[in-house]
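Below, chains carry the letters A, B, ... as their sequence lines are ordered, and counting in each starts from 1.
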Amino acid sequence: MLIVVCIKQVPDTTQVQIDPVTNTLIRDGIPFIVNPYDTHALEEALRLKDRFGCKVAAISMGPPNAEATLKKALALGVDHAILLSDRVFGGADTLATSNVLSAAIRKLQSDVGEVGLVLCGKQTIDGDTAQVGPGIASRLNYQQLTLVDKIVELDLASRKIRVSRKLEGRHEIVEAPLPVMMTVVRELNRPRYPKVPMRLAAAEATVEVWNNQVLKLDEQKIGLKGSPTWVSKIFSPDRASGEILGDGYADPDGTAEMLIEKLLAKDMLPI
Amino acid sequence: MTPNPTIFTPLLIASLTIFAWGCWKRFSLLSLGKPEERFDNVGTRIGEMLLYAFGQKRVLAKPFGINHSIIFWSFLILLIANTEFLLHGVFPWISLMKLPDGILLPLLLILDIVSLLALTAVIIAAVRRVISPPYPEARTFDAFFILSLICILMLAYFGINAAKISRMQEGALVLAKTWMPVSGAAAGLISPESGAAVYSVAWWAHAFALLAFICYLPYSKHMHIMTAIPNCFFRRLEKPNTVPREDFTVGKTFGVDRVDSYSWKDLLDSFSCTECGRCQKVCPASITGKPLNPRAVVHDIKVNLLENGALLKKGSEPQIPLIGDQGEGSVSVESIWGCTTCGACMEACPVFIEQMPKIIQMRRHLVENEAEFPEELLNLFENMEGRSNPWGIAPSERTKWCSQLQIKPFEKNTTEYLFYVGCAGSFDSRNKHVSVAMAQLLDKAGISWGILGKDEKCCGDSVRRLGNEFVFDKMARENVEIFKERGVRKVITQCPHCFSTLKNDYRQYGLELEVIHHSELLRNLVQDGYLKLDKTTSEMGDTVFHDSCYLGRHNDIYDAPRELLQTATGAAPKEMERNRNNAFCCGAGGGRMWMEEHVGERINLTRVKEALEEKPDTICVACPYCMTMFEDGLKDVNAAGVKVRDVAEVMAEALLR
């Protein structure tokens, strides 16, 4: 069985600022990271590989420099790493993205072997839509299990999976027949740390690149042309800058008193 | 039975064969180690060897060391008598007695007195080991056996001479009693008739003790008699405050998990250990009840080498793992992570064994090859690699500490000093106050200085000491590139970890910087009149100074911070019981800052309590890690009212407030 993990290279959002004139992200000099939720998807796939001996493929759609993200996946131990990169894929919204990713998963199914599980992070930290995973599931006609925080049972013989979904204030145990698309939350696992010999090997490995000549998708369904969603404006909400009151270092007692008074005045302390 | 060459010669040959075989078996194992250059500066090395091995300088650093030195020097002098004894046993015509009286008589006097000194020292050593051993496990068969042999040798030496004297005629008797007072006195106990028998018994007792000593030597810890001297010769001439670089090429394994991955010098270290236990008595981990014991680490490396040596020579896999819980011969993972890299063990070792780099190399194996480490380090490693600071704070926030100040960026060819603020000075809310104080003092002194601001990156100290050499290597290369590009030559640091890393570790990357710790810089600025104090501060009350390991022991800076405190407060700081090169670690070095401490007493609490013994109003530090450990520790012991201040803050208080 093949497990496919969809990963995305995202800017380290804590370091991103928005250009107030153009309303776009200032990406210059901002380091890229693997979308944090995706690292948990990757880890779970690798754990299943350790347990059941299945193969793991990591795929990512993005510009050529997203190769770095796939190399990180190789360093962690995936068997296949494929970058889906083509100018015509660019400017894609979640619909167009899931079209490309689904096509790649179909191709993996015919080239490498039967896909039993597709794992995605619950959302990316740059777009925050949480739509691509479910989009893939609908396109591939897979069962979809979102917000998974635990795989309770995976029975390969009877092709069934039972998972726990983390919902607000409760957990839901759901069973589904394979193949399944799962999106995962951070609580699922603790990602492993790459070993240096594997990092070095990954650095030298070449990541396979599939463009649209390989996937042969209708250009009306991919990239900007295939994207019905536009971002009309992006902005940082104005926040009045605060002021520094007191000096907790020179006068901790006085500062604490002042703070309590202010909180009491605003009725923010339960008494 | 009198001395008989036909019996003695074969015994001597057998003993020397056993000795040579033992030496060969052990010394040939050194060839399993990796190459390491330790043959440079031969002149200096000889000098150091004379001072530390023959001069016993470090042995004498502890009061009981005098006892060892007496045994050692006696051993050297008695080599004359013992060589003569062995030769005489084979060739009876060889004898000291043939020397002219002018040489013979003083020599006999020296040998007689020295033998008495040695006998006394050996008895004291044995009694001490029974009553109050250096550490409880020191009461070994090995130790008592060798002490007994030396004791027998000395007694037999007196026996031989006393028997000879007892049979002398009047004239010679007086002469002998004058020049051999001890043997002469003993001769009084022997009747002329029994003289021959006593001589025979004493001679053979001496012979068997000496031969047993020769046979046993290479198979015991007393092998240090032969290895300690070369170990002092081959010691690292510079302070062992760093670790060797690693070569990151595909197909290699990293760090050390088998003895043959160590260098030959590391293996020689293990053969040189005298098991005196001085390292464990100063080790903060050992003292506070952690599994780490530096003596045991070195001992386990030796046992592992001896057990696996034959297999490794054949190219087979080792049988006993170097890292694991298999008891003797294996070092446990817990002890590997317990090290604060404070360097106290290396400072205490009389024969210059380098424990710290060995432990770090085992950490490298765990981190780099196995990705196995305490889980709290995962975030640290990712933060360091991704955001170049331990907390994972956005690099854009590096300059927040100085948002209220006017600080110039470092400019190539214009700015003289780079103030390398460091991660703690930039992000840690308590330590930001030290950075501000420093900025104000530097401005007051009117020197040309600037910062790298958002472009400053972490020096990588913690990841290197934690064994993540791969990430350190990346960080070091980036920093070296930045420093070279910006034309940085002089760097001021307020953190001894940044200080030591920039100064010592980056030299391995071809970067020679003039790195100045802020305590030295401020002291110099006062001395040279750039900072003029017309008053002292009484704010601090009585102060006590805590030495940072990476400033003191690792870089020999002890006086600057003390002089600074004296200048700023008008009084010398009080000293804790353990100070200067004997100072006790705060517990944060070696990356322990980022790890939990579950076993035994907390190291920082031990040190805080020691500081409070001096009843200070202010505990003064010169390191951000020490600052955090003391601030935390004081809260834990509820010592309200006692402050912790960096030396720069004390200085700023005196000068600016």
Where does [X] contact chain A at under 4.5 Å (heavy atoms): side chain, backbone, both or neither?
{"X": "F248(B)", "answer": "both"}
{"X": "E385(B)", "answer": "side chain"}
{"X": "S429(B)", "answer": "neither"}

Residue pair D12(A) / R387(B), side-chain heavy-atom distance below 4.5 Å: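 A side-chain contact under 4.5 Å exists here.
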In terms of heavy-atom contacts, does [atom1] of [X] have more than 12 from other residues, nucleotides or ligands at under 6.0 Å?
{"X": "K400(B)", "atom1": "NZ", "value": "no"}
{"X": "E376(B)", "atom1": "CD", "value": "yes"}
{"X": "K55(A)", "atom1": "NZ", "value": "no"}

Parallel, tilted or perpendicular: rings of F373(B) and Y193(A) (30°, 60°):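 If you compare the ring of Y193(A) with that of F373(B), the planes turn out perpendicular.
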Considering all heavy atoms, the nearest K195(A)-N369(B) contact: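 Nearest pair, atom of K195(A) first, then N369(B): CD-O, 3.2 Å.
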Where P191(A) and L378(B) come nearest, the two heavy atoms and their spacing: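 Nearest pair, atom of P191(A) first, then L378(B): O-CD2, 3.5 Å.
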Rounded distance (nearest 0.5 Å) linking atom CD of E375(B) with atom CZ of R190(A):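 Reported to 0.5 Å precision, the distance equals 4.5 Å.
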CD on E368(B) to CG on L200(A), rounded to 0.5 Å: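 The CG atom of L200(A) sits 9.0 Å away from the CD atom of E368(B).
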